[in-house]
Enquirer: 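This is the structure I want to talk about, given as structure tokens.
Numbers here are sequence positions counted from 1. Because only heavy atoms are used, hydrogens play no part in the values below, and waters and symmetry mates are left out as well, while side chains stay in.
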Amino acid sequence: MKQSGLSVVFFLLCVELRDVSMSHPKPSCHYPPSQWCRSLEIAIECKVQKQCMELNVIRANQSVPPVSVTLYYESLCPACRVFIGQQLFPTWTMLQDIMTVTLVPYGNAKEVPSANSPFTCQHGEPECRGNMIEACIIHLTGHSAFHIIYCMESAANVLNAAQPCLQLYAPSVSWSTVDSCVKGGLGYQLIRDNAAMTRALNPAHAYVPWVTFNGEYTEENEDKAMSSLFQLVCQLYKGVKPPACSGAPVRLNRGFC
């Protein structure tokens, strides 16, 4: 089965390269065509990198670290919801081979001693609950977490969407498990951890969404991220750019909470 799959890939590559060779010189390299997509280095030498990557035979150079994007946000902040839905999730969907995303739901919340809740949130108690639900989901669902958070943040009602979004993207995790996290000590500890991460920001965050790249914040990167995060990630990646990075940039408006 594996040999058959490789044969199909080789056939498709040869067909495409045959068409290319009609108007371009034959690639000058020391490898036979059957090995052109064996590695990224060979593909570059043989000038067939674009064709190999489009056929999904090779990926970006794994020795180059991905761009680390960390979003500090609030679950009910309108500007955060727009950024997640229109910038962060679409960019990650297209460029997840060259970027990682860390979500830190807390934002402008504050820790205050209280009989009812140890936290107060910018958009009220529902946002505090939303932050904790999302912190628990991130902790419990691993790679599926971002899909669930996007599902919630793009819904008409973030809190009401939590359970159906969980069932859709992480059916093996029961809602009762998330609910136990939210109502128990784990949820509060996760929010305290997020509070500590947010307080440790240098410079301190002034609003949300607040985005850092590879652990650092600059106004220049923020401006670029809010208008075209996709283009910025492509720019910051130090390895060979994936074919998607050659597309035309799309710029969007920004907003804050």
Enquirer: State whether a side-chain donor-acceptor pair under 3.5 Å links Ser75 with Asn131.
Expert: yes
Enquirer: Does either side chain, that of His123 or that of Asn108, offer a donor lying less than 3.5 Å from an acceptor on the other one?
Expert: no
Enquirer: Would a hydrophobic clustering, with Ile, Leu, Val, Met, Phe, Trp and Tyr connected at side-chain separations under 4.5 Å, put Ile138 with Trp175?
Expert: yes
Enquirer: Measuring only between side-chain heavy atoms, which start at C-beta, is Val211 closer than 4.5 Å to Glu222?
Expert: no
Enquirer: Between the side chain of Ser227 and the main-chain N/O of Asp223, is any donor-acceptor distance below 3.5 Å?
Expert: yes
Enquirer: So, taking the atom named CG in Leu76 and the one named CE in Met152, what distance separates them when rounded to the nearest 0.5 Å?
Expert: 8.5 Å
Enquirer: Kindly say whether Cys234 contributes a backbone atom to a donor-acceptor pair with the side chain of Lys241 at under 3.5 angstrom?
Expert: yes
Enquirer: Output yes when a side-chain donor or acceptor of Asn194 lies under 3.5 Å from a complementary backbone atom of Pro105, and no otherwise.
Expert: yes
Enquirer: What orientation do Phe119 and Tyr188 show, parallel under 30°, tilted 30 to 60°, or perpendicular over 60°?
Expert: parallel
Enquirer: Can you tell me how the ring of His147 sits relative to the ring of Trp92, calling it parallel under 30°, perpendicular over 60° and tilted otherwise?
Expert: perpendicular
Enquirer: Would a hydrophobic clustering, with Ile, Leu, Val, Met, Phe, Trp and Tyr connected at side-chain separations under 4.5 Å, put Tyr169 with Leu88?
Expert: yes
Enquirer: Please report the interatomic distance CD1(Ile84) to CD(Gln86), rounded to the nearest 0.5 Å.
Expert: 11.5 Å
Enquirer: Measure from the side-chain N and O atoms of Gln87 to the backbone N and O of Met226, and report whether any donor-acceptor pair falls under 3.5 Å.
Expert: yes
Enquirer: Would you check if the distance from the ring center of Phe146 to the ring center of Phe89 is below 6.0 Å?
Expert: yes
Enquirer: Please name the pair of heavy atoms, one in Leu95 and one in Ala244, separated by the smallest distance, quoted to 0.1 Å.
Expert: CD2-CB, 4.2 Å
Enquirer: Looking at Arg129, I'd like to know if its CZ atom is crowded, meaning that more than 12 non-hydrogen atoms belonging to other residues, nucleotides or ligands lie closer than 6.0 Å.
Expert: no
